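One structure is given below, encoded as structure tokens.
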Amino acid sequence: MPDSPETTRYEPSRAEPEVFARWEDAGVFRSDPADDGRETFSIAIPPPNVTGALHMGHALNGSIQDALIRLNRMRGKNVRWTVGTDHAGIATQTKVEQALVAEGTSREEVGREAFLERTQAWRQQYGGTIIGQFRRLGCSADYAHERFTMDDGYVEAVLKVFVALYEQGLIYRDTYLVNWDPGSRSAISDLEVEDREETDTLVEIAYPLKEAVGDLTEVVVATVRPETMLGDVAVAVNPQDDRFKHLIGSTVVLPFVGRELPIIGDDYVKTDFGTGCLKITPAHDPNDFELGNRHGLEPLNVIGEDGRITGGYAPQFEGLTAAEARTAIVDALREQGAIRGEEPYVHTVPFSQRSGERIEPLISLQWFMRMDELAKPAADVVRDGRVRIHPESQSRRYLAWLDEIRPWVLSRQLWWGHQIPVWYRADEVYCGTTAPEGDGWERDPDVLDTWFSSALWPFATLGWPEETPELEAFYPTSVLSTARDILFLWVARMVMTGLRFAGDVPFTDVYCHSVIQAPDGRRMSKSLGTGIDPLDLIDGGPRPAVFAKKGKKGKLEDPGDFPAYGADAVRFGLLAMSSTQDVRFSEEKIAQGKQLTTKLSNAVRFAVGRLEEHLEGAAAGVTGETLPTRLEDRWIVSRTERIARETAQRIDEFDFSKAALGLYDFVYGELCDWYLELVKGRDAATDPDLARVLGWALRRTLQIAHPVIPFVTEESWSTLPGAEGLLAVSPLPATDDALLSSDAEERLGRVIDVITTVRSWRNGANVPPGPVLPVRVEAEGYDDEALALIARLARLESSTDAGDAVPVAIPGGQLAILAGEHVDPEAERARVEKRRAEVEQAIASTEGRLSNEKFVSRAPAEVIAAERAKVDALREELRTL
RNA sequence: GCGCGAUUAGCUCAGUUGGUUAGAGCGCACGCUUGACAUGCGUGAGGUCACAAGUUCGAGUCUUGUAUCGCGCACCA
């Protein structure tokens, strides 16, 4: 809706892009590594997936980091916020492959080189989306230094680290059982596997003994994966198991294949599970692999990289997928009469987070990284506090993971990524940052796990391995803010590489933010229909059904669209939602943010109206030496100073919810509801303190609110007399205890109490809020100044009239209000009765406590005194009723 | 299975080292065309603080147990 003379409301959709342009034109986001003695504050953004679009987690994390960055920029620190994107090997490759398939071709057909060119082009076209979205959110990052995990300098860093770790013996090539993802046709790391519960069938299969042992002609094994039996190399029993231990050393014959399998003894076999006899398939089961190694058994591959039966041991099953083979094998066994039992069995099964397909453990030749040597220093820096993890509970998870660290499978059978810098020629192996001299060398076709390059992010983005001024100035970074789920995948590995290659921890504080769930408690996800695009909140957009507002009487409302809340509101809402644990998305919090922005801009408009003819006064400000004298002025100065300190401290402590909600409470509950109302009776022309204090209080409020709601504060700042330059770079004044006044806070607190009491009385006694009523003040502790404030906002006027009055209890006495014909006797009597019952009950409970001998003898004196004071006050009030 | 965390108003959440009559926002009810704001203002109703036992003069807060939910980690075919 366009502005019109009637609607001067603040419109985020109009103001926010303008304000952002103002910041960029002024270059306030740009970092400068100049060593000018200033303290530095730096953050490296967790690089989002280059294929991705902004989701709620990015928006929350962007809001968090920007709040930290803006606060510290206004403190005068030399600030650097590095942004960029991650090449996201599998995700990106998949997208481009899909496009090729849609065109009727494939990556194999176009070849590696063309495929990579195609992928680069794709990234150029779509890779910028998410960074643009961060800008829309108001993130004040140093966009001029945007990085990508495959840009030239970054590649150099990755190669250098790989070669160094190879030379140090930490990176090696080995044949090992890995998590094979048939979907992406690549090995993946343990951390990319997720377990899901599946109902399979536990099948009991008879393997005939080659020679009967006594009466026994067969052993029965139990398995959920009969299709792997073609690769069986042994049957194991527990050597303590009296049923079977005498079979150790005997031989069984594998159905279909005819292979002779030894019966071996191993403690690993549970006697109370299944049949007590375990078939051993080292090539396709992690436990069997280890057991096979212990017994010197040779693994036999029967499932290939395509997830199909291979090996040629049983031609009738060759080429079937694992799932098909399972059915076929069980059917064939059933025909042979070899099935001894079948029962449903619920267990957890590994799936690829990448492709969603079931993991096939396969033996293959891969590059690995030994982690034990790197883990210890990474654990030490957390134990000794050089890296602090917030909330603290997460550091226990971090340490527990490092304690049980396993080698990391580095190689991925992909094309998009950092190709492994190793070349082979016959038996020769060469590892180096450039190709070896001579003919006949062939480079390893695999690429590195994307997280290998991500692990270098905090220093590679600052120019490492060059010794750049940026690296000197901004490393170690200050804070890393991220979701918990990549604490291991990423954070721990950054600590390891940072310590080893950049000579220091990569950051001093790690903040693990909440995961925002859908309102029904499920995870936010596009496929579930529980995700929302933050841009749809900012600029308006479709509201998915689970986000529908609850109608009256539980009726489902048409979800409709989100209104355009604006970036400030979304930032506020996300910060207000966040917590030390996961939270549900709450549109109300976003709406609260919208209200705050509207309220604040209205408050500024009010102030501008009062100040525009008193510019000099408005600009003068308030210091400890130039304190105002009036009660409400001293109060707002003290309250503003306090909230400014609290808010900054809460942001520093990563308590974003309290920071945001505290600002809301202050702006609504103190600045607007009280201060602005209290000063409305004053005239700036004759009252120089008014312009001075009003201008100061609003400027300070805009400053301290700016890290949370940067747009509306900047826009308002530009209209406010006495505010110079851009708010984003306006220096925060040092804290000054002289601005605080507990006395003014207490005295004005009483004024507020009395006004509220009178309003409440009016409402309960059916006295209209409008008319100004005469009152006899029969109470101690109120000076003329306080009484004048009370009179105006409670709509009372002092009187000496001795007529009939309604007594209203206030601290220190009562107000005798001459309500005349306004009072509704019935309502008044009901009010008094109700209140009398409450007060009597409170007196009874308090006196009960005070007459308890043990309470009086054991409770601290101040608690007893408070109870006595309470009972006195209640008795006083009862007297007026 | 082991570990961590949660359970407070209809909804989403605060609640400091145990100490008044447990708070906020939204929603709800009533009132208000008060000069920044009706996307506003004022007032109010609404809670056995999951359950049970214990410690204490006193427990939403501390201890133990139970239930429900969530999240990690480990998993036996």
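Here is the naming used below: chain letters follow the sequence lines, and residue numbers restart at 1 for every chain. Everything numeric in this text was worked out from a predicted model, so none of it was measured.
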Euclidean distance for [atom1], [N] against [M] (whole angstrom):
| N | M | atom1 | result |
| --- | --- | --- | --- |
| G60(B) | C13(B) | C1' | 15 Å |
| G5(B) | U43(B) | P | 40 Å |
| G25(B) | U21(B) | P | 23 Å |
| A29(B) | A14(B) | P | 28 Å |
| U61(B) | A52(B) | P | 13 Å |
| U55(B) | G18(B) | C1' | 12 Å |
| A6(B) | A45(B) | P | 31 Å |
| G54(B) | G72(B) | C1' | 31 Å |

If you check the [X] side chain, which of [options] turns out closest?
| X | options | value |
| --- | --- | --- |
| Gln517(A) | C37(B), A77(B), G70(B) | G70(B) |
| Gln592(A) | G31(B), A77(B), G25(B) | G25(B) |
| Pro860(A) | G19(B), A36(B), U43(B) | G19(B) |
| Arg759(A) | G42(B), U12(B), G40(B) | G42(B) |
| Ala842(A) | G42(B), C26(B), U21(B) | U21(B) |
| Asp665(A) | C30(B), A77(B), A24(B) | A24(B) |
| Arg584(A) | A14(B), C37(B), C13(B) | C13(B) |
| Thr846(A) | C37(B), U21(B), A77(B) | U21(B) |
| Thr598(A) | U39(B), A77(B), C32(B) | U39(B) |
| Asn602(A) | C71(B), A36(B), A77(B) | A36(B) |

Look at all strands and tell whether [X] reaches a base, only sugar-phosphate, or nothing, counting heavy atoms closer than 4.0 Å.
| X | result |
| --- | --- |
| Tyr668(A) | sugar-phosphate |
| Thr756(A) | sugar-phosphate |
| Ser845(A) | sugar-phosphate |
| Leu874(A) | base |
| Phe585(A) | nothing |
| Leu676(A) | base |
| Val863(A) | base |
| Cys672(A) | base |

[N] phosphate, OP1 or OP2: any side-chain N/O from [X] under 4.0 angstrom?
| X | N | value |
| --- | --- | --- |
| Lys658(A) | G15(B) | yes |
| Arg762(A) | U34(B) | no |
| Lys594(A) | C37(B) | no |
| Lys870(A) | G19(B) | no |
| Gln595(A) | C26(B) | yes |
| Ser760(A) | G44(B) | yes |
| Ser579(A) | A14(B) | yes |

**Request:** Measure from NZ or CZ of Lys680(A) to the centre of the six-membered ring of Phe606(A), then state whether that distance is under 6.0 Å and the direction lies within 45° of the axis.
**Result:**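 Yes - Lys680(A) lies over the ring of Phe606(A), closer than 6.0 Å to its centre and within 45° of its axis.
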**Prompt:** Between Tyr268(A) and Lys270(A), is there a cation-pi geometry (under 6.0 Å to ring centre, at most 45° from the normal)?
**Reply:**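 Output yes; distance and angle both within limits.
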**Message:** Does the plane of the ring in Phe572(A) sit parallel, tilted or perpendicular to the ring in Tyr664(A)? Use 30° and 60° as the thresholds.
**Reply:**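 Plane angle between 30° and 60°, so tilted.
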**Prompt:** Under the side chain to side chain donor-acceptor pair (under 3.5 Å) test, which residues partner Ser189(A), sequence neighbours left out?
**Reply:**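 Ser189(A): side chain to side chain donor-acceptor pair (under 3.5 Å) contacts with Glu192(A).
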**Request:** Quick one: list whatever passes side chain to side chain donor-acceptor pair (under 3.5 Å) with Asn766(A), sequence neighbours left out.
**Result:**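 With sequence neighbours excluded, Asn766(A) shows a side chain to side chain donor-acceptor pair (under 3.5 Å) to Asp824(A), given in chain and number order.
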Going by an N to O cut-off under 4.0 Å, is there a salt bridge joining [X] and [Y]?
| X | Y | value |
| --- | --- | --- |
| Arg759(A) | Asp673(A) | no |
| Arg484(A) | Asp582(A) | yes |
| Glu715(A) | Arg14(A) | no |

**Request:** Determine whether any donor atom in the side chain of Lys589(A) lies under 3.5 Å from an acceptor atom in the base of A24(B), or the reverse, and answer yes or no.
**Result:**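 No, no donor-acceptor pair under 3.5 Å.
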**Item:** Polar side-chain contact Glu677(A)-A36(B) base: donor and acceptor under 3.5 Å
**Value:**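 In this structure, the two groups form a donor-acceptor pair.
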**Item:** Thr713(A) versus Ala705(A), closest heavy-atom pair with distance
**Value:**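 Of all heavy-atom pairs spanning Thr713(A) and Ala705(A), the closest is CG2-CB, 3.9 Å.
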**Asked** Cut-off 3.5 Å, side chains only: do Asp232(A) and Thr281(A) have a donor facing an acceptor?
**Response**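 Thr281(A) and Asp232(A) do have a side-chain donor-acceptor pair below 3.5 Å.
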**Asked** So, Gln595(A) versus Thr598(A): side-chain donor-acceptor pair below 3.5 Å or not?
**Response**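 No - no donor-acceptor pair under 3.5 Å links their side chains.
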Can you tell me the pairing partner of [N] across any strand shown, Watson-Crick or G-U wobble, with both distances under 3.5 angstrom?
| N | result |
| --- | --- |
| A29(B) | U43(B) |
| G18(B) | none |
| G1(B) | C73(B) |
| G58(B) | none |

**Message:** At under 4.0 Å between heavy atoms, how does the protein contact nucleotides 3-8 of chain B? Give one character per nucleotide, 5' to 3', with B, S or -.
**Reply:** -SSS--
Distance in angstrom units between [X] [atom1] and [N] [atom2], rounded:
| X | N | atom1 | atom2 | result |
| --- | --- | --- | --- | --- |
| Arg397(A) | A74(B) | CZ | C1' | 14 Å |
| Tyr664(A) | U39(B) | OH | P | 14 Å |
| Leu793(A) | C32(B) | CG | P | 20 Å |
| Phe572(A) | G25(B) | CZ | C1' | 9 Å |
| Arg650(A) | U16(B) | CZ | P | 13 Å |
| Glu847(A) | G58(B) | CD | P | 19 Å |
| Asp673(A) | U34(B) | CG | P | 16 Å |
| Leu671(A) | C41(B) | CG | P | 13 Å |

**Message:** With salt bridge (Lys or Arg N to Asp or Glu O under 4.0 Å) as the criterion, how do Glu360(A) and Arg225(A) come out once you've worked through the C-alpha distance, each side chain's angles and the decisive distance to 0.1 Å?
**Reply:** CA-CA 11 Å; Glu360(A) 211 48 74; Arg225(A) 302 204 62 199; 2.5 Å; yes
